[in-house]
Amino acid sequence: MKSILVALLACAAAVSATVLWDGRFNDYTTAADFDKWSWSNQVGSYQTYIYGNLHGETASSWVTLGSQYKNPATTGEKQGVKVKINASSTWNGGPMLRTELLPQTTNALSGHLYFHVSLQIPTVNPPDPAYEHQIVFWEGHYADIKYGQLSGQNGVADTLQVITGGKSIWSVQPVKGTWYNFILETGSPGGLWVSTGSNPLQKVYTGSLNGNGGTDWHIGALRLPLNGVTQQITETDLYYSGIYVEDSGPTTQP
C-alpha cells in the first residue's frame, strides 16, 4: 500500500510540473534548421553561434539529428543530436575546440528548477580522455559536467564527473555507448540526480550547485588545450537527448 501511495505521489508531482523550456528537438526537421537562428532572427529552441566558423562553416556542419542519437527510454522526443568537434572547431580563432547549443527562450530559467539532460560517450569517435572536455555547463562554471583529464590536475583521465564549487560531487568511469541521465537542481535546496539507461533518476547529492540556473547553459563539446596547445584531432562526437527544464517534480523517468 505504501509503495502504491509513493508511486501516485510521484505521478502527481510529474503531472503538476511545468516545462519552462523544451530542448528535445521535436521542433527540428533536419540539422539545417539550426542554421536559421541568428541574433536578428532568434527562432527555434536553441541559440547556435558557438562552433568552428573560420572556413565558412554553419551550425549544421557540426550537429546531426537522428533517432539513433536519443536515449531509447526517452519517449517525449523523436530524435537526439550528435555534436562533433575536430581540428577546425575553433570559434572565432580561440585556442579551444567548441560546438555548443544554448537555450533560446524568454524565460529566465532562474530559481529552484530542474535542468534535465542525457548524454552518451559513443563507441565511435569518443572524446580523448587525455583532454578536459566541458560537456554541460553554465557560463559561470558553478556546475559543470566534464569528461577527461582535468586541466592542470592528476587523476584517472577516463572519468565522467559533475563538479560544483571546485569539487567533484559525482563521478564514474563511463561505459561507452551507455546513456547517463542527469538532473541539475538549481536554487534551494539544490542537488544532483543521476541514472543510466532507462532507470529512474535518483538524488545522489543534496546541496547548493553554487548558482541559480539561467539561460547561459551550454550543451555540447568544449575541449581545452593540452599544455597550452590545441593538438590536431580527428572527429570527436558526443550524443545528447532529453534536454528540458521544469519548475517542480522532478520527473524522474529519463
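Since the model is a prediction, treat every value here as computed from it, not as a measurement. Scope of the values below: all heavy atoms of this structure, side chains included, with no hydrogens, waters or symmetry mates.
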Per side-chain hydrogen bond (donor to acceptor under 3.5 Å, both in side chains), R24 is matched among N26, D22, D27 by D22
Look at the side-chain heavy atoms of Ile, Leu, Val, Met, Phe, Trp and Tyr, link any pair under 4.5 Å apart, and say whether Y147 and L97 land in one connected group.
no
Is there a donor-acceptor pair closer than 3.5 Å between any side-chain N or O of H55 and the backbone N or O of N53?
no
Can you tell me if T236 uses its side chain to pair, donor with acceptor, with the backbone of N125 under 3.5 Å?
no
Under a 3.5 Å distance rule, please check whether W62 uses its side chain to pair with a backbone N or O of S89 as donor and acceptor.
no
Of all heavy-atom pairs linking S195 and P200, the shortest is CB-O, 3.3 Å
Are side-chain N/O atoms of S118 and N181 paired as donor and acceptor at under 3.5 Å?
yes
Restricting to non-hydrogen atoms, name the atom on Q161 and the atom on S171 that form the minimum distance, rounded to 0.1 Å.
CB-CB, 3.7 Å
Would you check if K176 and T178 make a side-chain contact, meaning some heavy-atom pair closer than 4.5 Å?
no
What closest approach, in Å, do T105 and L20 show between heavy atoms, and which atom pair accounts for it?
OG1-O, 4.3 Å
Apply the side-chain hydrogen bond (donor to acceptor under 3.5 Å, both in side chains) test between H218 and each candidate in E139, Q134, H141; give the one that qualifies.
E139
Can you get from L54 to Y49 by hopping between Ile, Leu, Val, Met, Phe, Trp and Tyr side chains that sit under 4.5 Å apart?
no
Are any side-chain N or O atoms of S110 and backbone N or O atoms of N212, one a donor and one an acceptor, separated by less than 3.5 Å?
yes
Just verifying a value: how many Å separate T252 OG1 and K203 NZ, rounded to the nearest 0.5 Å?
12.5 Å
Could you state the interatomic distance from CD (Q120) to CG (D237), rounded to the nearest 0.5 Å?
10.5 Å
Has the side chain of Y142 got a donor or acceptor atom that lies under 3.5 Å from a matching backbone atom of G213?
yes
Is there side-chain contact between D216 and L102, with heavy atoms separated by less than 4.5 Å?
yes
Student check: side-chain heavy atoms of H112 and E185 closer than 4.5 Å:
yes
Looking only at heavy atoms, which two atoms of I85 and I233 are closest? And how far apart?
O-CD1, 4.1 Å
Under 3.5 Å, is there a donor on one side chain and an acceptor on the other for N71 and Y239?
no
Is there a side-chain contact between S241 and F25 in this structure, where contact means two heavy atoms from C-beta onward sitting under 4.5 Å apart?
no
Verify same cluster id: I50, V43 (apolar side-chain graph, 4.5 Å)
no
Is the closest side-chain heavy-atom distance between L201 and P250 below 4.5 Å?
no
Side chain of N199, backbone of T196: donor and acceptor closer than 3.5 Å?
yes
Please name the residue in the list L192, L160, I219 that meets the side-chain contact (heavy atoms from CB on, under 4.5 Å) test with I145.
L160
What residue among F115, Y240, W170, W193 forms ring-ring contact (aromatic ring centres under 6.0 Å, His included) with F182?
W170
Under 4.5 Å between any side-chain heavy atoms of L209 and I169, yes or no?
yes
Does S45 offer a backbone N or O that forms a donor-acceptor pair with the side chain of Y28 under 3.5 Å?
yes
How far apart are the closest heavy atoms of I121 and P174, and which atoms are they?
CD1-CG, 3.8 Å
Would you say the side chains of E77 and Q79 form a donor-acceptor pair under 3.5 Å?
no
Taking atom CD of Q202 as the centre, report whether more than 12 heavy atoms of other residues, nucleotides or ligands fall under 6.0 Å from it.
no
Following the transitive rule for hydrophobic clusters with a side-chain heavy-atom cut-off under 4.5 Å over Ile, Leu, Val, Met, Phe, Trp and Tyr, establish whether L113 and W217 coincide in one cluster.
yes
For the residue pair Q42 / W37, report whether a side-chain donor-acceptor contact shorter than 3.5 Å exists.
no
Ignoring hydrogens and angles, tell me if any N or O in the side chain of S208 forms a donor-acceptor pair with the backbone of N210 under 3.5 Å.
yes
Is there any salt bridge (Lys or Arg N to Asp or Glu O under 4.0 Å) pair reaching into residues 34-59, and which pairs are they, with sequence neighbours excluded?
D33-K36
Would you say the side chain of F34 lies within less than 4.5 Å of the side chain of Y51, judging by non-hydrogen atoms?
no
Return yes if some donor-acceptor pair links the side-chain N/O of T90 with the main-chain N/O of G93 below 3.5 Å, else return no.
no
Determine yes or no for a side-chain-to-main-chain donor-acceptor pair under 3.5 angstrom, with D144 supplying the side chain and K146 the backbone.
no
Kindly indicate, with the supporting measurements, whether the criterion side-chain contact (heavy atoms from CB on, under 4.5 Å) is fulfilled by V63 and T99.
CA-CA 8 Å; V63 294; T99 302; 4.2 Å; yes
Would you say L222 and I135 make side-chain contact, with heavy atoms under 4.5 Å?
no
Would you kindly confirm whether V162 and V194 end up in one hydrophobic cluster when ILVMFWY residues are joined by side chain heavy atoms under 4.5 Å apart?
yes
Taking atom types as modelled and ignoring hydrogens, do the side chains of T18 and E246 form a donor-acceptor contact shorter than 3.5 angstrom?
no
Nearest-0.5 Å distance that lies between atom CD in Q104 and atom CD in Q47:
5.0 Å
Least distance between heavy atoms, L184 atom then W138 atom
CD1-CZ3, 3.8 Å
